[in-house]
Amino acid sequence: MTTSDRAENSMLVLSTLTALLSQLLSSYLHTAILLTPQGHLVAYSSDGSQITRSEDRIRVVVGLASEVWREGTKDATASEATGNGESHPEDAVTEDDDEDEIGMLECELGRVLVYPIYASQPKSPTNASPKASGSSPSARQPVLLLALNATDDEPWGLMHTKVRATIILSDGV
């Protein structure tokens, strides 16, 4: 495989991303956005209603999602550095739960869920997990963030399920 073949295979196709994002939409989940961790819009899909189709609104959600992500990772880093982070049962990460930091926000725009997307990495022959190899999940940097914006009627659990299923189906985008 040549260098140009590898570059072609690793490029993001916006029409494919938009189609994938549109599959997440429902009557209550009206906007799905793909952005960089630095807050740059990559792609989005919305239900096209008067309220959600405004590009200004998309930019506001991108800004909120980016800020939620930065604040969440800053808090996680501070807790790890000081060792004083309080443990809450609802924040517990199980062995089957690979989601590191998931940002959640309720505001005037509804519910915003921010989910990290990491580059696919082949498992080592020993199937060592990041914890076993000594790299903490919060030390990894996501390649992209997926932000979902829904009304208050969309359950958080359903939003989480949709994101996980989409990431599995797309093999990490």
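Note that the structure is predicted; figures quoted are calculated from it, not measured. Note that these values count all heavy atoms, side chains included, but never hydrogens, waters or copies made by symmetry.
Judged by distance alone, with hydrogens and angles left aside, the side-chain atoms of N149 form no donor-acceptor pair with the main-chain N or O of L29 at under 3.5 Å. Of the possible polar contacts, none joining the S66 side chain to the V62 backbone as a donor-acceptor pair under 3.5 Å is found. With hydrogens and angles ignored, the 3.5 Å screen pairs no side-chain donor or acceptor of R164 with any backbone N or O of M159.
Remark: T31 OG1 to Y44 OH distance equals 9.0 Å, nearest 0.5 Å. Note that the CG atom of L25 and the OG atom of S45 stand 4.5 Å from one another [nearest 0.5 Å]. Separating the NE2 atom in H30 from the CD atom in E154 is a distance of 9.5 Å, to the nearest 0.5 Å. Atoms CG and CG, on L144 and L17 in that order, are 8.0 Å from each other to the nearest 0.5 Å. Taken to the nearest 0.5 Å, the CG atom of L146 stands 6.5 Å off from the CG atom of L34. Put simply, CG on L105 and CH2 on W69 are 14.5 Å apart, with the number rounded to the nearest 0.5 Å.
Taking the side chain as every heavy atom from C-beta outward, P142 and Y115 never approach each other to under 4.5 Å. Looking at Q23 and L20, their side chains come closer than 4.5 Å, going by heavy atoms from C-beta outward.
Cluster membership check: M104 does not share its hydrophobic cluster with Y28, using side-chain heavy-atom separations under 4.5 Å among Ile, Leu, Val, Met, Phe, Trp and Tyr. Cluster membership check: V114 does not share its hydrophobic cluster with L158, using side-chain heavy-atom separations under 4.5 Å among Ile, Leu, Val, Met, Phe, Trp and Tyr.
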> Given R70 and Q38, is the side-chain contact (heavy atoms from CB on, under 4.5 Å) satisfied, shown in steps?
Replying inline: CA-CA 9 Å; R70 274 192 294 263; Q38 294 78 27; 5.7 Å; no
>> Does L109 form a side-chain contact (heavy atoms from CB on, under 4.5 Å) with R57? I'd like the steps, not just the answer.
In response: CA-CA 9 Å; L109 299 176; R57 182 184 172 103; 3.2 Å; yes
> For L148 and L24, what are the C-alpha separation, side-chain angles and deciding distance, and is it a side-chain contact (heavy atoms from CB on, under 4.5 Å)?
Replying inline: CA-CA 9 Å; L148 302 180; L24 291 167; 3.7 Å; yes
> Under the side-chain contact (heavy atoms from CB on, under 4.5 Å) criterion, do W156 and L113 qualify, and how do the steps go?
Replying inline: CA-CA 8 Å; W156 285 113; L113 175 79; 4.1 Å; yes
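Here E106 pairs with R111 under the salt bridge (Lys or Arg N to Asp or Glu O under 4.0 Å) rule; sequence neighbours left out.
In summary, of the residues considered (V68, L35, V42, T36), a side chain to side chain contact (heavy atoms under 4.5 Å, CB included) with L145 occurs for L35 alone.
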